[in-house]
2 protein chains.
Amino acid sequence: MKLDRYDKHILEIIQQRGKLSNQELAEAINLSPSPCLRRVKQLEESGLIEGYVTILNARKLGLTLICFMQISMDKHTPDRFSHFEAKIAEFSEVLECHLVTGQSADYLLKVIVKDMDDFQQFLLNKLTPIEGVSGVHSSFVLKSPINTTALPISN
Amino acid sequence: MKLDRYDKHILEIIQQRGKLSNQELAEAINLSPSPCLRRVKQLEESGLIEGYVTILNARKLGLTLICFMQISMDKHTPDRFSHFEAKIAEFSEVLECHLVTGQSADYLLKVIVKDMDDFQQFLLNKLTPIEGVSGVHSSFVLKSPINTTALPISN
DNA sequence: ACAATATTGCTAAGATTTACCATAATGTGA
DNA sequence: TCACATTATGGTAAATCTTAGCAATATTGT
């Protein structure tokens, strides 16, 4: 699967503007609508385009507290990990869960909640009751000068 | 700005499927296309909908290495911070940059690169040369069982 | 240079978006 | 509770967009 300059240009644009009409996209990359649409469909079928999503404003939804949580597990057995991941998947306040390298933690979680009360609820009633969770360190986000879903496209 | 069940239903659906046609969305929430479109437009104008983006497959783009980096600064002065943020904004491999609380770091970065060579380039040629960067700790992502942009919508 | 292959741009049919308006539903104050 | 004001809905139609087929053009490899 190799991408020419048209494909790369398409990807760069639609990463930022997912709902651009095909005509506008075609114009932006200097191609007529037909081949432009064909290329997009191909990129979708290849799986390179995973999907289209809508980004909401967290603050306007009342979600003002974002927290990165480093989780340590007591034992590093496969069933400990899969059980943790299954439990975590039930909580909609968890936006990301990454298994990471590093001495201090096994998992890194990105969590979003309304306020500190909700955070406490999440921590005490949802996270720490999960079997095997032996340590939790929380870092609260003060501001996020960069926050994008757009991946770098190589030249 | 208060949301009724239609609005919440719209938001829940379009967070997952950003390019759903208005007709399909209307059908999904049991409303005719006209009022459905009006609601979406209103949500856009209110700023609650920030925008629509396309999610690409990082692996298929050759981007196989994701890393969370904790950055410490030597001095906590406003110009140190703003200079760091301005420099970081120039690097497309930085997907997120958060100013965070916690004893161990000032910034948390989410970085994506092709491989360890590119990571080394980023670390040595781009990140550490920034004035004021006094410490860097890197955690590599092994897998990400959860990775969503969809925010929880309260009932 | 030439043949084979792939890609483009045009066209037209079908589908969708979108504004308008009459009707229905909701909420408010007496 | 009722009348009234306000708001939201659903149908309609025009404009726009999507999308597949096809002839023409461009690209690639030998």
Side-chain angles (χ1 to χ4, degrees), chain A residues 1-63 149-155, chain B residues 1-63 149-155:
Chain A
M1 178 191 325
K2 71 179 162 198
L3 308 171
D4 64 12
R5 64 193 180 90
Y6 285 123
D7 292 318
K8 288 176 183 174
H9 203 175
I10 286 172
L11 294 177
E12 275 168 7
I13 292 172
I14 66 175
Q15 275 198 113
Q16 310 282 349
R17 305 194 50 190
K19 232 181 174 179
L20 207 61
S21 78
N22 183 56
Q23 293 198 353
E24 291 173 296
L25 179 59
E27 193 175 6
I29 65 167
N30 276 306
L31 202 62
S32 64
S34 312
C36 181
L37 182 68
R38 252 194 311 266
R39 280 167 181 270
V40 171
K41 293 291 173 200
Q42 236 170 266
L43 290 167
E44 287 172 354
E45 277 160 29
S46 74
L48 213 144
I49 291 177
E50 290 207 326
Y52 305 90
V53 304
T54 302
I55 304 297
L56 304 186
N57 185 307
R59 183 171 301 263
K60 295 198 176 179
L61 271 174
L63 300 167
T149 54
L151 305 179
I153 311 284
S154 62
N155 300 319
Chain B
M1 178 189 326
K2 72 178 161 198
L3 307 171
D4 65 12
R5 64 191 179 91
Y6 285 124
D7 293 318
K8 287 176 184 175
H9 203 174
I10 287 173
L11 293 177
E12 275 168 7
I13 293 171
I14 67 174
Q15 274 198 115
Q16 310 281 351
R17 304 194 50 189
K19 232 180 172 180
L20 206 62
S21 79
N22 182 57
Q23 293 196 356
E24 290 172 295
L25 179 59
E27 194 176 5
I29 65 167
N30 277 306
L31 203 61
S32 64
S34 311
C36 180
L37 182 66
R38 252 193 313 266
R39 280 167 181 271
V40 171
K41 294 291 172 198
Q42 235 170 267
L43 292 166
E44 287 172 355
E45 277 160 30
S46 74
L48 214 143
I49 292 177
E50 290 206 327
Y52 305 90
V53 304
T54 302
I55 304 297
L56 304 186
N57 185 309
R59 184 171 298 263
K60 295 200 176 178
L61 272 174
L63 300 167
T149 55
L151 304 178
I153 311 284
S154 62
N155 301 321

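Only a predicted model underlies this, so the values are computations on that prediction, with no experimental measurement involved. All chains are named by letter (A, B, ...) in the order of the sequence lines, taking the proteins before the strands, and each is independently numbered beginning at 1.
- Heavy-atom minimum distance, A:T149 versus A:Q15: O-OE1, 3.9 Å.
- Note that the CG atom of B:L63 and the CG atom of B:N57 stand 9.5 Å from one another [nearest 0.5 Å].
- The CD atom of A:E27 sits 13 Å away from the P atom of C:dG9 (whole-angstrom rounding).
- With rounding to whole Å, B:K2 atom NZ is found 14 Å from D:dA8 atom C1'.
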#### Entry: Pair A:L31-A:I10, side-chain contact (heavy atoms from CB on, under 4.5 Å): steps then yes or no
CA-CA 10 Å; A:L31 202 62; A:I10 286 172; 5.8 Å; no
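- Rounding to whole angstrom units, CG of residue A:L3 and P of C:dT7 are separated by 13 Å.
- Distance CG (A:L25) to C1' (D:dT18): 13 Å, rounded to an integer number of Å.
- Going from atom CZ of B:R5 over to atom C1' of D:dT9 covers 13 Å, rounded to whole Å.
- What separates CG of A:D4 from C1' of C:dT8 is a distance of 12 Å, to the nearest Å.
- In this structure, the side chains of B:L11 and A:T54 stay at 4.5 Å or more apart for every pair of heavy atoms.
- A:N30 places its CG atom 17 Å from the C1' atom of D:dA26, with the value rounded to the nearest Å.
- Taking CD of B:Q42 as the reference point, atom CD of B:E44 lies at 11.0 Å (rounded to 0.5 Å).
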### Query
Could you run down nucleotides 11-26 of chain C 5' to 3' and tag each one B, S or - for protein heavy-atom contact under 4.0 Å?
B----SBBBB------
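- With sequence neighbours excluded, the residues forming a side chain to side chain contact (heavy atoms under 4.5 Å, CB included) with A:S34 are A:R38, listed by chain and number.
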